[in-house]
Amino acid sequence: MRLSYAFIPTLKEIPADATMKSHQLMLRAGLMRQLTAGVYAFLPLAYRAMLKAMEIIREEMNAIGGQEFHLPALNPESLWVTTGRRNIPNLILSIKERDLVLAPTHEEVIAWLAAYHIQSYKDLPQIWYQIQTKFRNEPRPRSGVLRGRQFIMKDSYTLDATWEGLDASYQAHAEAYRKIFRRCGLDFFEVGASSGAMGGTGSQEFMIESPSGEDTVVLCPKCGYAANLEIAESALPPLERKSETKPLEEIHTPNVRTIDELARFLKVDQTRLAKSVVYQHDGKPLLALMVGNDELNEAKLTAALGAGEVKPIPTEELLALTGADGGSIGPVGLKNFRIIADRRLKNANGMISGANRNDYHLGNIDFTRDVTLEGFHDLRTVESEEPCVSCNSPLKVSNAIELGHIFKLGTKYSEALDATFLDENGKAQPVIMGSYGIGVERIIACHIEQSHDEHGIVWNKALAPYDLHLIAANMNHEETVKISAGLYEELREIGVEVLFDDRTNVSPGFKFKDADLMGMPVQVIVGERGLKERKIEIKRRRSGERTLVPIQDAVGAIRKMIAD
RNA sequence: CGGAACGUGGCGCAGCCCGGUAGCGCACUUGCUUGGGGUGCAAGGGGUCGCGGGUUCAAAUCCCGCCGUUCCGACCA
């Protein structure tokens, strides 16, 4: 491509609305423009990189037997009502003129197709995938393309007759994902993840570490344990049971509200205190008990309760329900509440918690004697430096960006849409599904996050929009024009993707700055300076290392440089 | 959805407090100049000051409403 004809609007100044490096550089290097919040127009340079990422994905999906589909973005609203996903908050965007919605993902359409055409166990297994635009009603798009309302996703769906089959399909995807992200040159890691409202029995995320990431992950630098904070565990021990268990006593605690205040007021360790956290689950009051200032993890709470919506209780209602305000609520004698507790409290005694009477707490609570609760679950949020569950080394908590997510879905959608097949015994069984997503824009943005410098993007070979940036330093110099144009043609003929800066009205300095900003892995500079010695210059973008080579050796040297 | 900020030529911003001719840098056009790290000089073109209403002789500026965008939080199949 000759730059004199190309549409690559680079920007000298940093766009004010962009905070992340990848976002700034994608705008500055002329990759994209924002149309409206969370919606971007991808310009030719970006689209070339995206096509490369998509082709890598396609190859690896095909390699595990995937079949590519093109599925409708417009779905009948009723389809989503059937699976109960129509009213999930912030999920679906709908159109005004008809009862159609914009598909945020395609489990429904896949299950619909399977319901029609998968009849027998002999039709299974299947791997169906698509690389398409999806739409979500994101309340707050942010970080450039990292969280948009419209985005391209590779989604695949597996259909299996058995749970063992699902395991195999899932493992095949995990391996394919490793290959995809490795080929894209991303420094990624995997974590165990929550399957959340998707339902299902297992899930893993593929992440890159980034301070601007929206996910929080727990990592063990020693043994490699890695999990999303939503499910991460640590080896923090349960409370020890005291040998002596005393009768309950009421303690006057005027104006003491928080766990910190209570510990200070009573001069006891926070582990002697049981914190009450109140919620409503499907509208019914729920008390969750935590040790001291352990932070309750809502994802874990939701998982522990199974289906249903977990919400805070409005403070006005709280007083009516318990007879006390937030700081004085406790499990003993509390009526109308379901009670569950963090597993660290199992068998604990000698504990202090709210008395359900303002300004009073109860001491000597024995969880086996005084509290009637539904069960103990892991509800707490892991914190940095806690011991690893598998090797006891200190854990690290980091932010991360999710590149891909794989789920063992099970039969949730096949049951809802009646996608069944007849097994060997002639019995109808729901198809067992898996679903596996990769964000295409995220691959690009994450690569840029991990590969840039003060001058601009540093594309790797796999994703670079062009292999080579050829610069004619001065188009008023006849020989420069002749040699550079000749090189351009020759390189194109042997299949090198060349971006040729043949602009006549731009100074050499400007061209160099633009080339560094756009970031092709190799730059070739043809200019008066080198031509005096019958040489051209090859520069590696990443290291800045320059080599002068004689004109007659140029094509060979360039080819070699591009290859490694 | 809670909190905050911003909206002025294509981009980045000043002007607003204290109402009175709309300004700067970059980009763009023309001419000359320069030609290896965003050349220099000169002359130009381009703005309903987000939208609507109000106050006023007079509104980019003050007041009210709306819209948009961004940031923090909530949320994030």
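All chains are named by letter (A, B, ...) in the order of the sequence lines, taking the proteins before the strands, and each is independently numbered beginning at 1. Heavy-atom basis, side chains included; hydrogens, waters and symmetry copies ignored.
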Between B:G38 (P) and A:Met518 (CE): distance, integer Å: 16 Å
Sugar-phosphate, base or nothing in reach of A:Gly530, heavy atoms under 4.0 Å: base
hbond_proxy A:Arg147 side chain to B:C76 base (donor-acceptor, 3.5 Å cutoff): yes
Selected nucleotide, minimal atom distance to A:Thr36 side chain, candidates B:U69, B:G38, B:A74: B:U69
Sequence-distant partners of A:Gln67, side chain to side chain contact (heavy atoms under 4.5 Å, CB included), two or more places apart: A:Phe69, A:Gln126, A:Trp128
Nearest-angstrom distance from the residue atom CD of A:Glu13 to C1' of B:G38: 11 Å
Sugar-phosphate, base or nothing in reach of A:Asn90, heavy atoms under 4.0 Å: sugar-phosphate
Whole-Å distance separating the CG atom of A:Asn505 from the C1' atom of B:U34: 13 Å
Rounded distance in Å - CZ (A:Arg140) to P (B:G73): 7 Å
Sugar-phosphate, base or nothing in reach of A:Arg546, heavy atoms under 4.0 Å: base
Mutual orientation of the aromatic rings belonging to A:Phe181 and A:Tyr177 [parallel < 30°, tilted 30-60°, perpendicular > 60°]: perpendicular
Sequence neighbours excluded, every pair satisfying ring-ring contact (aromatic ring centres under 6.0 Å, His included) that has a member inside residues 86-114 of chain A: A:Trp112-A:Tyr116
Base B:G36 paired with A:Asn474 side chain (donor-acceptor, <3.5 Å): no
Member of A:Val191, A:Leu403, A:Ile401, A:Leu219 meeting the side-chain contact (heavy atoms from CB on, under 4.5 Å) criterion with A:Met207: A:Val191
Selection from B:U39, B:A74, B:A77 that lies nearest to any side-chain heavy atom of A:Arg85: B:A77
Atom-to-atom span, CG of A:Leu35 to C1' of B:U70 - whole angstrom: 16 Å
Sugar-phosphate, base or nothing in reach of A:Thr504, heavy atoms under 4.0 Å: base
